[in-house]
Amino acid sequence: MKNFDYLEPTTVNEACALLKQHGGDAKVYAGGAYLGIVMKQGLLEPKALVNIKKIDALKGIRFDAKEGLIIGALVTHRELETSALAREKFPVLCEAEKEVANIRVRHVATVGGNLASGEPLTDLAQIFMALDGKVKIASPAGERVLSLDDFFVDYYQTSLAEDEILTQVVLPSLPARSGIDYVRFSSSSVVDKPSVGVCARVTLDGEVCKAVRIVLGCVGATPIRARKGEELLVGKKLDTNWIEQAARSAAEECKPISDIRGSERYKRAVVRALTKRAVTAAYERALRS
């Protein structure tokens, strides 16, 4: 690993200014779970690291009645997993976090780092998208808010500019009569990166599906909305036939590649199975809400 300057700003403005000063030669450092690996492998050789861990404004989980659940970029996976507030508002997050990597990684890796890396084999991104989540992004020019749908660009690429920092994830409260479920499958071990992860959110009007989101993870460069599958379910009283049709559509909409976690055909079959499970569970939860 080559030598680099190590910078420790204490405010978001200071951090953004440092990033602008160094241009593309500086990288943001938080938990280091991703950056440490790619630097050791020589895939990234930044001339400066901007360590943001001393910026208090990026820490903590809180709830705002207007905005919803606000998760600071420096919140670790373990903090989110064990947060009583997160469990009260969105228990699906805490359950999903139990299977992210191992507990040592969860203690250091951050939610913001996970998103900012653009890692395609992840769990949180598809859940945040299903929840209609947004990210707040700071730069020397000010702050902007971006939907998660628009945040991810390609493999390991996001819409973050060189002088921007992801500061918060904001998850609006679920509408009444809503249910959500996340199912992931790993082909090697429970704590390995998932081969497929599917999150479904259903909102009902009576027993009819008023709105639905089906988000597929790990089967494309970015999380994918199964929009054709969603369209099949809106306005319907969900049953096994409609859910099966939506699951089949989702399997056709995803874009998996063959790798050590399974062939393209295998992953499409897993998407179909997990979509059925996730939509069914989300629908049943919405009925009970």
Side-chain angles (χ1 to χ4, degrees), residues 19 24 27-28 30-31 33-35 37-38 43-44 58 68-75 77 80 90 92-93 96-97 100-101 109-139 143-172 180 182-184 193-201 212-230 250-251 253-257 259 261 264 267-268 271 274-275 278:
L19 289 172
K27 295 296 178 186
V28 174
Y34 166 75
L35 192 57
I37 292 173
V38 295
L43 299 174
L44 273 179
L58 303 178
L69 190 71
I70 299 171
I71 303 169
L74 284 178
V75 168
H77 290 284
L80 186 57
F90 300 111
V92 64
L93 292 174
E97 284 285 22
V100 172
T110 63
V111 171
N114 181 269
L115 298 181
S117 70
E119 162 69 79
L121 302 180
T122 184
D123 296 282
L124 288 181
Q126 46 266 35
I127 302 175
F128 289 158
M129 283 179 62
L131 287 169
D132 199 21
K134 296 177 175 56
V135 288
K136 290 186 178 180
I137 297 168
S139 77
E143 182 183 78
R144 64 185 176 118
V145 181
L146 193 63
S147 165
L148 259 299
D149 288 29
D150 299 321
F151 181 71
F152 298 101
V153 176
D154 205 337
Y155 287 105
Y156 299 98
Q157 292 183 26
T158 71
S159 61
L160 285 171
E162 291 177 348
D163 58 356
E164 288 186 320
I165 294 176
L166 190 159
T167 59
Q168 294 176 337
V169 178
V170 181
L171 305 175
I180 184 168
Y182 177 65
V183 189
R184 55 118 69 188
K193 293 179 179 178
S195 302
V196 177
V198 177
C199 192
R201 175 173 70 96
V212 61
R213 278 201 171 199
I214 302 171
V215 187
L216 316 174
C218 318
V219 284
T222 67
I224 297 170
R225 288 274 302 278
R227 294 184 185 274
K228 293 180 181 177
E230 293 174 357
E253 291 182 74
C254 65
K255 302 173 183 176
I257 59 172
D259 59 18
R261 291 180 172 81
E264 175 189 347
K267 290 179 182 178
R268 289 188 189 276
V271 165
L274 297 194
T275 300

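What's counted below: heavy atoms across the whole structure, side chains too, no hydrogens, waters or symmetry copies. What you are looking at is a predicted structure, and each value in this text was computed from that prediction instead of being measured.
- Between Ile71 and Phe90, every side-chain heavy-atom pair lies at or beyond the 4.5 Å cut-off.
- Between the side chain of Lys267 and the backbone N or O of Ser195, no donor-acceptor pair lies under 3.5 Å.
- Going from atom CD1 of Ile127 over to atom CG of Leu171 covers 10.0 Å, rounded to the nearest 0.5 Å.
- By the 6.0 Å contact criterion, NZ on Lys134 is enclosed, its count of non-hydrogen atoms from other residues, nucleotides or ligands being greater than 12.
- Listed for the Arg213 side chain is no donor-acceptor partner under 3.5 Å among the backbone atoms of Arg201.
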* Asked: Please walk me through it: do Thr222 and Val153 pass side chain to side chain contact (heavy atoms under 4.5 Å, CB included)?
  -> CA-CA 7 Å; Thr222 67; Val153 176; 5.8 Å; no
Original post:
Under the side chain to side chain contact (heavy atoms under 4.5 Å, CB included) criterion, do Ile137 and Phe151 qualify, and how do the steps go?
Top reply: CA-CA 10 Å; Ile137 297 168; Phe151 181 71; 4.1 Å; yes
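- Looking at Val38 and Tyr156, their side chains never come closer than 4.5 Å, going by heavy atoms from C-beta outward.
- The distance from the CD1 atom of Ile37 to the CG atom of Leu44 is 12.0 Å, given to the nearest 0.5 Å.
- The backbone N or O of Arg227 sits less than 3.5 Å from a side-chain atom of Glu253, completing a donor-acceptor pair.
- When all heavy atoms are compared, the tightest approach of Ala250 to Thr275 is CB-OG1, 3.8 Å.
- The two residues Leu216 and Cys254 come nearest to each other via the heavy atoms CD1-CB, 3.8 Å.
- With sequence neighbours excluded, the residues forming a side chain to side chain contact (heavy atoms under 4.5 Å, CB included) with Asp150 are Leu146, Ser147, listed by chain and number.
- Taking every heavy atom of both residues into account, Ile224 and Gly220 meet most closely at CD1-CA, 4.0 Å.
- Between Pro172 and Gly133, the closest heavy-atom pair is CD-CA, 4.3 Å.
- Nearest heavy-atom pair, Ile180 versus Val92, reported as atom, atom and distance to 0.1 Å: CG2-CG1, 4.0 Å.
- With a 4.5 Å cut-off on side-chain heavy atoms, Val219 and Val198 do not count as touching.
- The side-chain contact (heavy atoms from CB on, under 4.5 Å) test with Phe152 singles out one residue from Ser159, Pro223, Pro120, and that residue is Pro223.
- Separation of atoms NE2 (His77) and CG (Asn114) is listed at 4.0 Å; rounding is to 0.5 Å.
- Counting only heavy atoms from C-beta outward, the side chains of Leu124 and Leu93 approach each other to under 4.5 Å.
- The shortest non-hydrogen separation linking Ala30 to Leu74 is CB-CD2, 3.8 Å.
- Within the model, atoms OH of Tyr34 and OG1 of Thr122 stand 12.5 Å from one another, a figure rounded to the nearest 0.5 Å.
- To the nearest 0.5 angstrom, Leu160 atom CG is 9.5 Å from Ile165 atom CD1.
- A donor-acceptor pair under 3.5 Å is formed between the side chain of Thr167 and the backbone N or O of Lys136.
- Ile214 contributes atom CD1, which lies 13.5 Å from atom CD of Gln126 (distance to the nearest 0.5 angstrom).
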